[in-house]
Amino acid sequence: MGKTLAYKILENHLISGELTPGSEITVKIDQTLTQDSTGTMVYLQLEAMDTEKIKTELSLAYIDHNTLQTGFENADDHAFIKSVAQRHGVIFSKPGNGICHQLHLENYGVPGKTLLGSDSHTPTGGGLGMIAIGAGGLDVAVAMAKGTYSLSVPKVIGIKLTGKLPMWSSAKDVILYVLKELTVKGGVGYIVEYFGEGVKTLSVTDRATITNMGAELGATTSVFPSDENTEEYLRLQGRAGDFVPLAADEDAVYDKILEVDLSTLAPLAAMPHSPDNVASVKEIGEIKIDQVAIGSCTNSSYTDLMKVASILKGNKVHPDVSLVISPGSSRILAQLAKNGALADMIASGARIIENACGPCIGMGQSPKSGAVSLRTFNRNFKGRSGTNDASVYLVSPETAAISAIKGVLTDGSTTGLALPEIKLCETEKIDSFTINPCGACKSCIPVEMGPNIKPFPRNTALSDTVSAEVTLVAGNNITTDDIMPSDSRLLPFRSNVPHLANYCFEKIDAGFAERCKAKGSCAIVGGDNYGQGSSREHAALAPLYLGVKFVIAKSFARIHRSNLINSGIMPLVFDDPKDYDDIALGNKLVIENAVSQVSSEHIEVKNETTGRTYKTHADFSELEAAMILAGGKINYLKQEN
Ligand code: MIC
Ligand code: SF4
C-alpha cells in the first residue's frame, strides 16, 4: 500500500509509537519557532525547565505580533525574549523583520523537516513540504528542551487538485472553497495533503497561503509535495541547497479524498463571522466597503503584493475606503521599493504599515463602528478586528485590491481587466534584522525581566474529588479569541496572566472572571469545536488562574485540548451531546474518584443540582493522563527528573 507524504515525513522522524491513526507517537522536531505574544510564556517555561542547550537543529524567536510598543510592556517582553534566546542558542528576529510564518518560509523552512511553532499558522511551512505543526507554548518549550513532540497520529485527507486557476481566482479561493466544503471542524484529527496535476500550477507562496489557512479547518497540519516549483522558490531565496524532492507514492491511500478542479473556482469570500461561511463574491453582491486590509501571514508574499500593486497602479483608492497594506517581510518590502511597486501602491492612496501582524490581531486599524472591512487575513471572528459590530470578509489580494478601487465588493473577473502574470523573483535576505546566538555560556547572559513579566500559574496534583460550579455555558465553535481576547489593549499583557485573567470571556460574558474568583473552583460547559483558532495557551492559563478544573464540551479543537491538559485542566467530552442541554449556570458538578477515573474509558460527572450523572470521555493517552494527575505538564516533567 502506497504511503502519503505526511506519513513518510512522520516515519522519518518517528522516535516511538506506531504510525497508525489514533495511536500516540513521539517524533523528532528539527525546528521550532515562537512569536512574541506566545513567546514570553515559552521562554519562561524553558527557563523553568532548567535546560542547558536546546536540542533542535534550529530554533527561532520572532517578534511580529505586538510591535507598537505603546508602553514599556512590549519592549520589555522583546528584551526578555532576546535575552533568553541568547542564553539558549535561539536566533532572534527583531521587530520590523516581518511576520514569523512568512520569514520562516523565506529563510529557514526545508522540505521534509519537522517544525513546531507556538502559533496556529505554523502549517504555512507545509507549502514547502514540511510537517509544520502549531502547538501551545509549553509544547514548543519542551520541543526545544528535548527535541521531541508527542501527538496522536492524525488520519490524512487527500485534496486532489486538477486544472488551473482562472485569472482573477487565486490560492485564497482554493482554501476558502476547501473551508466551505469541510467547515472549521472538518480537519480536526486530520493532516490535509494536496496532490494531483493541479499542484504544479501553484507556486510555493500560493501553496503557503493554502497550508496557512488549513489551520482554520482545525487540521493538525497541511502539506504539499516538494517539486520543481519548490526548487525554484528556494533558489530565488538563495537557498538552492535546501531543496529535497518529495511526494506521496503514486498509489498512496488517503482516508478521505476531496477533488478540486481549480479551473472552476470563482473569487470567493468568507462572510462574517467565520472562515467557513463562504460564498462567491458574485453571490454576495456589490456591498459598500469602508476598509480594505491587505497582508497577514496568509497573503503578504512578494507575489501577492505584486498582484496588488499591478491592480492599484495608475488607479486611486475609492474616497470612502481606507486601504492598508502590511508586507510580510523586510525582504519583500525592500524588493517592492526597488522595483517601484511600493511607489505605485502609495500613489494610489494606500497606507503602508509595518511588516507585522498588525490589524490581523487587532493591533490598530480597527474599522469604524458598523463598518464593512475586506481583509486578506485568515480569521474573521466577531470582534477580532477590535470593532465588535464590524463585518469582516476574508478575500484574496486580487479581490481586495480591485474592491478598494471600486468602493464595493468586486469580482475582478467581471471588470474585463487583465491581470499581468506575476513571477517569483530573486530577493535578498536582510541580515540586519536577525541576531544569532552569541555563543557565550548560559550563565554569562542574564535574563532581562521587566516588571510586567509575572510567573505563569501552576496547577496542583489532581484531587480525588473534584467539585466545581458551572461558571459559563458556552455555545458551539467558541474560539480562543472568545476565551482570552487579544487586541492592542490586552496584547501587552501576555506575560501577565493575573492581569489578563480579568478579561477572560469578556466579550461573551463580562461577569465570568469575577464569578470564578468568587466561586474558587469552577467548570465550563461548551458546545462543538470548543477552543478553535489561536494556539494561545493563555486561553488555558487564564481559566487555570481563575480556578477552572474541567471543561465539558461536545468536542474540542486540537491545540486548545492539549493546552488544557498541559495546564492540568480536564477536557471532557459528553458521551451523549444532549446532556449539554441539561446543565445550567450555577449547577454544582462533582467528579468522584477522579484519580482512577482519569485512566478509564468513561469519566462520570454528577450534577448535584439536577441529580443527574453524565457519562463523559477524555480519551487521554498514557502521557496525558499522567499530566492531568500531576497537575499539568511542567509538574509532570519535574516529577520525571
Ligand atoms: C492568531 O492569529 O490568532 C495569533 C495571534 O497569531 C495566535 C497566537 C497568539 O494568540 O498569540 C495563533 O494563531 O496561534
Ligand atoms: Fe499574525 Fe495574523 Fe498570522 Fe496570527 S494570523 S500569525 S496574528 S498575521
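Along the sequence shown, residues are numbered consecutively beginning with 1. Ligands are counted one by one from 1 in listed order, and the atoms in each one are counted from 1 as well.
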Using side-chain heavy atoms (C-beta onward) and a distance below 4.5 Å, is Leu179 in contact with Leu217? yes
Identify, by atom number and element, the atoms of ligand 1 in contact range of Ile361, meaning under 4.0 Å from any of its heavy atoms.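 Checking each atom against Ile361, I get 5 (C).
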Atoms of ligand 1 less than 4.0 Å from Ser37 heavy atoms?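 Reading through ligand 1 atom by atom, the close ones are 9 (C), 11 (O).
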Just jot down the ligand 2 atoms closer than 4.0 angstrom to any heavy atom of [X], in number order.
X	result
His101	6 (S)
Asp119	6 (S)
His121	5 (S)

Leu138, Ile559, Asp139 screened by side-chain contact (heavy atoms from CB on, under 4.5 Å) with Glu537, the one that passes: Leu138
Just by distance, no angles: are the side chains of [X] and [Y] close enough, under 3.5 Å, to form a donor-acceptor pair?
X	Y	value
Asn66	Arg494	no
Gln35	His101	no
Thr209	Asn212	no
Thr303	Thr205	yes
Arg561	Ser152	no

With atom 8 (C) of ligand 1 as the reference point, say which of Gln35, Met484, Arg536, Glu537 has the nearest heavy atom. Gln35
Measure up the [X] and [Y] rings against each other and bin them: parallel (under 30°), tilted (30 to 60°), perpendicular (over 60°).
X	Y	value
Tyr530	Phe505	tilted
Phe493	His499	tilted
Phe224	Tyr194	parallel

Single hit among Arg331, Gln335, Glu106 for side chain to side chain donor-acceptor pair (under 3.5 Å) with Thr427: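 It is Arg331, the one option of Arg331, Gln335, Glu106 that forms the side chain to side chain donor-acceptor pair (under 3.5 Å) with Thr427.
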Tell me: protein heavy atom nearest [atom], and distance?
atom	result
atom 3 (Fe) of ligand 2	Cys297 SG, 2.3 Å
atom 2 (Fe) of ligand 2	Cys360 SG, 2.3 Å
atom 7 (C) of ligand 1	Ser534 OG, 3.2 Å
atom 12 (C) of ligand 1	Ser120 OG, 3.3 Å
atom 4 (Fe) of ligand 2	His65 NE2, 3.7 Å
atom 1 (Fe) of ligand 2	Cys357 SG, 2.3 Å

Determine, using heavy atoms of Gln35 and all atoms of ligand 2, whether some pair is separated by less than 4.0 Å. no
Under 4.0 Å, heavy-atom basis, I'd like to know which part of His65 is in contact with ligand 1: side chain, backbone, both or neither. side chain
Asp119, portion touching ligand 1 at heavy-atom distance under 4.0 Å: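 Both backbone and side chain.
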Non-hydrogen atom of Arg384 closer than 4.0 Å to ligand 1: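 True for this residue.
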Give a yes or no on whether the backbone of Cys360 and the side-chain of Arg375 come within a donor-acceptor separation of less than 3.5 Å.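 Absent.
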Residue portion contacting ligand 2 (non-hydrogen atoms closer than 4.0 Å) for [X]:
X	value
Arg379	neither
Asn378	side chain
Thr298	neither

